Amino acid sequence: MPSFPYALNSKLPNVGTTIFTVMSRLANEHGAINLSQGFPDYDCAPELHDLVTKHMKAGQNQYPPMAGIPQLREAIAAKVSALYGAAYDPEHEITVTPGATYALFTAIAALVRPGDEVIVFEPTYDSYVPAVEVQGGTPVYIALKFADFHIDWDEVAQAVTPRTRMIIINTPNNPTASVFTAADMRALERITSGTDIVILSDEVYEHIVFDGAQHESVARFPRLAERSFVVSSFGKTYHVTGWKMGYCLAPRELMSEFRKVHQFNVFTCNTPVQYALAEFMHEQEPYLGLAAFYQRKRDYFRDRLRESRFTLLPSSGTFFQSVRYDDITDEPDAEYAMRLTREHGIAAIPLSAFYRRPPEHKVLRFCFAKREETLFKGTEILRRI
Ligand SMILES: Cc1ncc(COP(=O)(O)O)c(C=O)c1O
């Protein structure tokens with residue numbers, strides 16, 4: 001193929017290959033235990049396979065409605081109502097999406113115009129800022145406070161300007177594993193009260209909150225829910241990240257704008273998987289039992305690392321555990337992560353990857369959504385360092 005002969009003015013000049021791809025590739029090259037990228041190394045419930053096959057064989061293989069099949073939207077509405085006491089209308093306020101990242105992008109594309117400011121918290125999940133920038137929006141960064149990664153809400157209040165269009169929050173949080181409290185939600189309520197700011201709430205780890213705490217969805221807070229897109233992911237909940245299925249909730253006025261973008265982008269998603277999920281969602285145990293399932297993995301991972309030279313940071317939700325390594329080396333985290341993979345055979349994500357201008361902390365993020373055997377092997381290596 002001849003090369004493109006003109007100068008290209010990239011809309012995303014700072015975007016390269018994501019660190020997740022880089023680390024997973026390096027892990028493969030070196031046969032390393034891969035605790036970097038956030039996906040399970042075990043399969044979903046066999047019933048889910050059977051349900052997808054059943055609906056494929058039953059002929060559910062053509063375009064479904066644009067917003068998703070009614071049965072799935074109704075199942076989502078019932079779950080959200082039972083868990084958070086919020087009544088979303090399946091007809092106008094719920095859209096099934098091909099993954100959460102897509103829903104986040106669509107909400108941003110539907111609302112953010114050139115010159116709009118969007119508040120994001122650093123370290124930040126990697127898709128938010130490029131999605132804002134490609135729309136011509138300006139990200140406004142606020143740092144989560146080391147080492148428990150809480151938010152200083154006074155700082156947020158000061159960052160709000162008449163141009164603030166959106167605030168993006170993520171609880172439970174990737175990469176820090178911190179979770180919002182009800183007090184955080186009330187602070188957000190106070191700051192946005194009387195403004196037209198829209199909240200984009202990334203809640204893909206909604207079912208993975210530890211130590212008996214409850215997930216504080218914006219859906220629980222009517223004065224936040226009225227201005228919020230809530231995004232969740234079936235991939236995280238049912239161990240099927242490769243299926244790329246999620247959903248978005250929002251009041252009718254916001255959802256109507258969301259669907260204007262959605263219908264000319266992907267239009268709709270995968271029919272048989274929607275039928276399968278709609279049926280599977282009637283069982284509550286798979287999502288209500290998820291926190292205990294991951295808490296056992298978290299505790300196992302933490303217990304095994306307690307006698308290592310790594311310092312464990314808190315992990316209150318998600319399937320991530322961050323560690324400090326300042327007792328081991330002064331190397332910057334990206335260099336150390338690469339060296340760990342190449343020389344010790346274990347892959348992690350350097351926390352600096354989630355910052356525009358990384359601070360000096362020496363922190364790595366490990367994913368413990370892995371079989372015990374994998375966690376055993378990984379922690380054996382880490383304990384020897
Ligand atoms: C915070 C956060 N949001 C969104 C996503 C993406 O979810 P999906 O795979 O459904 O697009 C992830 C996946 O790692 C995530 O960690």
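Order of appearance sets the numbers: ligands from 1, and atoms from 1 within every ligand. Everything quoted here is computed from the prediction, not taken from an experiment.
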Original post:
Are the side chain of Thr21 and the backbone of Thr17 linked by a donor-acceptor contact shorter than 3.5 Å?
Top reply: no
Original post:
Given Gln37, Lys244, Met245, which one has a non-hydrogen atom that is nearest to atom 9 (O) of ligand 1?
Top reply: Lys244
Original post:
Tell me: protein heavy atom nearest atom 13 (C) of ligand 1, and distance?
Top reply: Lys236 NZ, 2.8 Å
**OP:** Using heavy-atom distances, let me know which of Phe319, Tyr205, Phe105 sits nearest atom 16 (O) of ligand 1.
**Re:** Tyr205
Original post:
Do any nitrogen or oxygen atoms of Thr241 lie less than 3.5 angstrom from nitrogen or oxygen atoms of ligand 1?
Top reply: no
**OP:** Please work out which of the three classes, parallel, tilted or perpendicular, describes the rings of Tyr294 and Tyr42, given edges at 30° and 60°.
**Re:** tilted
**OP:** Identify, for atom 7 (O) of ligand 1, the protein heavy atom at the shortest distance, and state residue, atom and that distance.
**Re:** Ala100 CB, 3.5 Å
Original post:
Can you tell me if Val204 has a non-hydrogen atom under 4.0 Å from ligand 1?
Top reply: yes
Subject >> Within-4.5 Å side-chain heavy-atom neighbours: Tyr247 and Leu249 >> reply: yes
**OP:** Enter the distance from Leu104:CG to Ser201:OG here, rounded to the nearest 0.5 Å.
**Re:** 9.5 Å
**OP:** Determine whether more than 12 heavy atoms belonging to other residues, nucleotides or ligands lie under 6.0 Å from atom CZ of Phe4.
**Re:** yes
Subject >> Heavy-atom nearest option to atom 3 (N) of ligand 1, drawn from Thr171, Asp202, Asp126, Thr318 >> reply: Asp202
